[in-house]
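Below, chains carry the letters A, B, ... as their sequence lines are ordered, and counting in each starts from 1.
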Amino acid sequence: MIIAKTYSPKEAEEKWYSYWLQHNFFRSVPDEREPYTIVIPPPNVTGVLHMGHMLNNTIQDVLIRRARMKGKNACWVPGTDHASIATEAKVVAMLKERGINKKDITREEFLKYAWEWKEKYGGIILEQLKKLGASCDWERTKFTMDEDMSEAVIDYFVRLHKQGLIYRGVRMVNWDPQGNTAVSDEEVIRKEVNQKLYYIKYFFSPQDGNASSLSDLPTSGLSDFLTVATTRPETIMADAAICVNPNDERYLHLHGKSVFIPLINREIPVILDDYVTMDFGTGCLKVTPAHDLNDYALGQKHNLPIIDILNDDGTLNEKAQILVGEDRFAARKKIAVLLEEAGALAKTEDYTSQIGFSERTNAVIEPKLSMQWFCKMQEMAKPALEYVLNGEVKLIPEKFINTYRHWMENVRDWNISRQLWWGQQIPAYYLPNGEYVVAKTKEEALAIANETYHSPLTINDLRQEDDVLDTWFSSGLWPISVFDGVRNPDNAEINYYYPTNDLVTAPEILFFWVARMIMSGHELRGQKPFSNVYLTGIVRDKLGRKMSKQLGNSPDPIELMGKYGADGVRVGMLLCSPAGNDLMFDESYCEQGRNFANKIWNAFKLIQGWAVDENLTNTNQIAIEWFDSRFNQALAQIEDDFKQYRLSEALMATYKLVWDDYCAWYLEMVKPVYKPNAEKQSIDAETYAATINFFQNILKVLHPFMPFLTEELWHDELFGERAELDCCIVAQLPAIGEINTQLVSEIEIIQQIVAQVRNTRNTKQLSPKEALPLAVRANSAIDYIKYQPIIKHLGNINELTLVTEAIGGAVNFIAGTDEFYIALNIEIDVAAEKERLEKERDYLIGFLKAVNAKLSNERFMANAKPEIIQNELKKKADAEARLKIVEDALRGLAG
RNA sequence: GGGAGUUUAGCUCAGCUGGUUCAGAGCAUCUGCCUUACAAGCAGAGGGUCACUGGUUCGAACCCAGUAACUCCCA
């Protein structure tokens, strides 16, 4: 095959992805091999691929491909979650476009439309993952609302309810008036907002001229009102009391009094509680139990009435008496005017505070009392925390253990009901007597009801709870339910694949999702769901801003892959992604990835231009042995990096192995001298075979990072005939072989010599084509005759001689502890040379002084480990040898 | 307000149990090269007060205390 000058990824990507699919390489079924399992963090079914997904799924694919190449039965389960709020919003919007109002259709009709929407758009993100090369077992694709998945959710709900871990109750929830549903604490995003603080006067007697109902109005000298500071004047109609701190001396006169709410003149008591901060606002707090979490608690404590003045959509209801029907924010503006007119507004101040917004609709969250379903967290959190603390579940990096612990120790009950239709409808059935029964089906519920209450009810007497379950309630079962382990806890698949191995996700959902999977894993199987949780960072732009649609600073992954190739983008993502740290993404990383692909491509092209000449003997034995050792060294390094989940380092080690060791050194060492009129360059059989073998091994190591390019090259005829199933994707990684460390370190010296020769050419402006003579005065045991061919070839040296005396007037340098001379026909700048040598000498003297200081320090000799002392002795010997050379050279210059 | 984390070259990051000629890598930069695999390249070079102050130690980028800046989580 004659190949192009640059690698063009597009055809290779399409060709090999479908080849892999066609030959079922992604498919996993239980067998006798060790399993390696990853479940994908199911992306939101409404989602499209963004850079966060790219990062996350690149990492998973690297891990799964590597496991496959290590002989494991690798299974990567893909899928999506149903994202109740987001999807319902999309469907409502779709209906609106068709002129349909959600309110006018039944639940069943709505769900039909929702499924229609899901079938049409729900698979987009999974298709995009294929472009990236994701080697998921697509036959296992799951959706959290698939029939079996939903059944698992219902089973789990019934089970938890039976154990008393789920209850129904009135609680203050985060109400999203736009989405018309409660959302969990985790779905509320707090933001700093500029607001106004309104100072409102509450008078001791009614303001409209009616007689005071108080017999003991404050005596003269005291004002006839108190002032309360609030950011929410529209809720005064819901006030149940005014609270002051009992220790606040300013308000001693208020104890036992009551005041009137402005505009509506409802009388409320002044209560005492040290909950009130004396130095905030005026020190008087209006207590509105229906509309503030803390006030609710205070209200409970003091037995205050709850007056809810808001409708679900955020408008004021008739209990407000005034401004009925107005939106809460419109009402705020209007009431300020009314208060002003009534003389009840003392002043307003600018004020910033944290306000909660709905993650899905961005509406301001309204604390609202309502009947909801809750999952008790404390009992479930305890064992889930243990898994992480005792290391059964490892968090990578470890710093997240603290965060996790903090959450799990301060956990609050989880509101699992959502006032939506898209999701699993809660299996609770209300009876005419006001009680309810939880059961898997309506029929079962009926049976239970009739048994419990001895009442001959019929199926139509039961009414199912309207609410659906939080999406996280179903994704919390993901690692179990994808293997049908909830409904059939002893099936072959769950027994084989569970617990899974690695989970790759974002720290933002450590609690939302990861913790809940650990809880459900413990609850259902008494086992962890996974062994390692690799937490990725947030993808930011190079200015450090989070990538977002609004800012428009996120590149389109599909376009990026078009520009740099999927392999290039994969490499680009990994190059800048240390575990757990945010990554400052920049396209230039993908460029580096693309360049790397091209480098490999061209190395391949070079070898393609060679042909074996059986008459030639192998003159490259040293180079071959050396690269073999370097390869094994790198392999060990990469293995270690993977063990520690240092993927970017593993990639960099691979990058350097290929670019530096293989291309820049090895290939240059063995490359035949160019013969202009030959179609192919002649090379001996042994070198050719070794070089190709190395290349094939390199393709294997590269494959998890760059699957397409490696598969493309793997099938070239250069490697001989390949059987249909002989693919790089299922090739087995080479085992780590022997490493000749002496050879490696001697070649390091040779590399230094070559670099010095090249540097000499550069500084003396000599052409690389001009061959130079090199003389060595060896102090070390290195056999330079052995390395002569390499030095000559790489340094373009015409003659290498061994000498025993320094050569005056020659350019000289030191490598290791040996001296080298290049005799040139040009004048040496004696002054500059002297300066250079003196600098070197001074450095060595200083260095020796430090080493000697250590060695003559009794406490060092007494405390340091023996190998450290050995090292210092070696440092001393080496430095002394070098110093001697430098001093000799200086004497030579003087003489 | 409470908690966690980060700070090392222009940028992104390594630096493991305090000790290797320890201050590193990649990218970027500069200089010279269109040298028959690759200019998406080759050869070479420069670049640092390890945030700051103090302490522990024979020895500190690393351990301890304090300070500053930034980031995240929770209220």
Side-chain angles (χ1 to χ4, degrees), chain A residues 3 5-7 185 190 277 293-294 354 397 399-407 410 507-508 510-511 537-538 540 542 544 546 564 568 572 575-578 580-586 588-589 591-610 640-641 644 646 648-649 651-653 655-656 659-660 663-664 667-668 671 673-676 678 681 754-763 765-769 794 796 816 843-844 847-848 850-851 853-865 867-872 874-876 878-879 882:
Chain A
I3 67 176
K5 195 169 173 180
T6 52
Y7 168 56
D185 293 338
R190 283 168 198 285
T277 317
L293 185 60
N294 295 314
Q354 298 265 316
K399 66 177 179 185
F400 287 107
I401 294 174
N402 277 333
T403 319
Y404 184 81
R405 192 215 319 258
H406 187 255
W407 270 333
N410 297 282
E508 298 139 73
L510 192 54
F511 181 68
I538 295 168
R540 299 175 179 277
K542 61 177 172 182
K546 195 170 170 170
Y564 300 104
L575 279 174
C576 59
S577 60
N581 282 345
D582 289 357
L583 51 117
M584 308 298 156
F585 180 80
D586 188 74
S588 66
Y589 289 108
E591 199 182 328
Q592 194 180 345
R594 180 201 61 182
N595 293 355
F596 184 41
N598 196 46
K599 183 73 189 176
I600 298 161
W601 185 257
N602 276 289
F604 191 80
K605 242 182 82 178
L606 172 69
I607 299 169
Q608 269 194 323
W610 297 348
D640 188 57
D641 286 336
Q644 298 179 63
R646 298 153 82 126
S648 58
E649 307 225 355
L651 173 57
M652 188 45 71
Y655 181 91
K656 286 196 274 195
W659 200 307
D660 298 343
C663 294
L667 288 179
E668 291 299 331
K671 185 168 156 184
V673 180
Y674 185 71
K675 285 206 198 94
Q681 303 301 313
V754 171
Q756 289 278 20
V757 172
R758 287 168 175 168
N759 191 17
T760 304
R761 285 185 204 280
N762 253 349
T763 51
Q765 304 198 321
L766 300 170
S767 160
K769 285 175 181 160
L794 296 182
N796 194 15
Y843 168 79
L844 285 167
F847 180 77
L848 265 175
V851 174
K854 267 190 200 178
L855 288 169
S856 57
N857 183 323
E858 279 172 37
R859 303 183 68 172
F860 172 76
M861 298 304 281
N863 293 326
K865 287 180 231 154
E867 62 266 30
I868 303 286
I869 294 173
Q870 280 306 314
N871 231 319
E872 291 299 314
K874 182 172 186 307
K875 276 157 72 175
K876 180 182 158 137
D878 286 356
R882 288 179 73 110

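Considering only residues two or more places apart in sequence or on other chains, A:Asp641 meets the salt bridge (charged side-chain N to carboxylate O under 4.0 Å, His left out) condition with none of them. Judged as a ring-ring contact (aromatic ring centres under 6.0 Å, His included), and not counting sequence neighbours, the contacts of A:Trp407 are A:Phe511. A:Lys876 pairs by the side chain to side chain donor-acceptor pair (under 3.5 Å) definition with A:Asn852, not counting sequence neighbours. Applying the ring-ring contact (aromatic ring centres under 6.0 Å, His included) rule to A:Tyr655 yields the partners A:Phe596, A:Trp659; only residues at least two apart in sequence or on another chain are considered. Partners of A:Thr763 according to the side chain to side chain donor-acceptor pair (under 3.5 Å) rule, which considers only residues two or more places apart in sequence or in another chain, do not exist here. Among residues two or more places apart in sequence or in another chain, the salt bridge (charged side-chain N to carboxylate O under 4.0 Å, His left out) test is passed with A:Arg540 by A:Asp582. Not counting sequence neighbours, A:Tyr564 has no partner by the ring-ring contact (aromatic ring centres under 6.0 Å, His included) test. Every residue was checked against the salt bridge (charged side-chain N to carboxylate O under 4.0 Å, His left out) condition with A:Lys5, not counting sequence neighbours, and none meets it.
Among all heavy-atom pairs drawn from A:Leu667 and A:Ala603, the shortest one is CD1-CB, 3.9 Å. Listed here is the closest heavy atom pair of A:Glu508 and A:Ile538: OE2-CG1, 3.7 Å.
For B:G41, the OP1/OP2 oxygens have no side-chain nitrogen or oxygen of A:Lys599 closer than 4.0 Å.
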Would you tabulate the nitrogen or oxygen pairs shorter than 3.5 Å linking the protein to nucleotides 28-32 of chain B?
none

Dump every N/O contact between nucleotides 23-27 of chain B and the protein below 3.5 Å, one line per pair.
unit_1: B:A25; atom_1: O2'; unit_2: A:Lys656; atom_2: NZ; d: 2.9
unit_1: B:G26; atom_1: O2'; unit_2: A:Gln592; atom_2: NE2; d: 2.4
unit_1: B:C27; atom_1: OP1; unit_2: A:Tyr655; atom_2: OH; d: 3.3

Do any N or O atoms of the protein come closer than 3.5 Å to N or O atoms of nucleotides 2-8 of chain B, and which pairs are they?
none

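Using a 4.0 Å heavy-atom cutoff across all strands shown, A:Arg761 reaches no nucleic acid atom at all.
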Under the 3.5 Å Watson-Crick or G-U criterion, the dot-bracket string of RNA chain B, with | for inter-strand pairs:
(((((((..((((.....[....)))).(((((.......))))).....(((((..]....)))))))))))).

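A donor-acceptor contact under 3.5 Å links the side chain of A:Glu668 to the base of B:A37. Judged by distance alone, with hydrogens and angles left aside, A:Lys5 brings no side-chain donor or acceptor close enough to the base of B:C38 to form a pair under 3.5 Å.
Taking the six-membered ring where tryptophan is involved, the planes of A:Tyr843 and A:Phe847 are essentially parallel, since the angle between them stays under 30° and well short of 60°.
Across B:C74, B:A40, B:A14, the shortest atom-to-atom separation from the side chain of A:Arg594 is found for B:A40.
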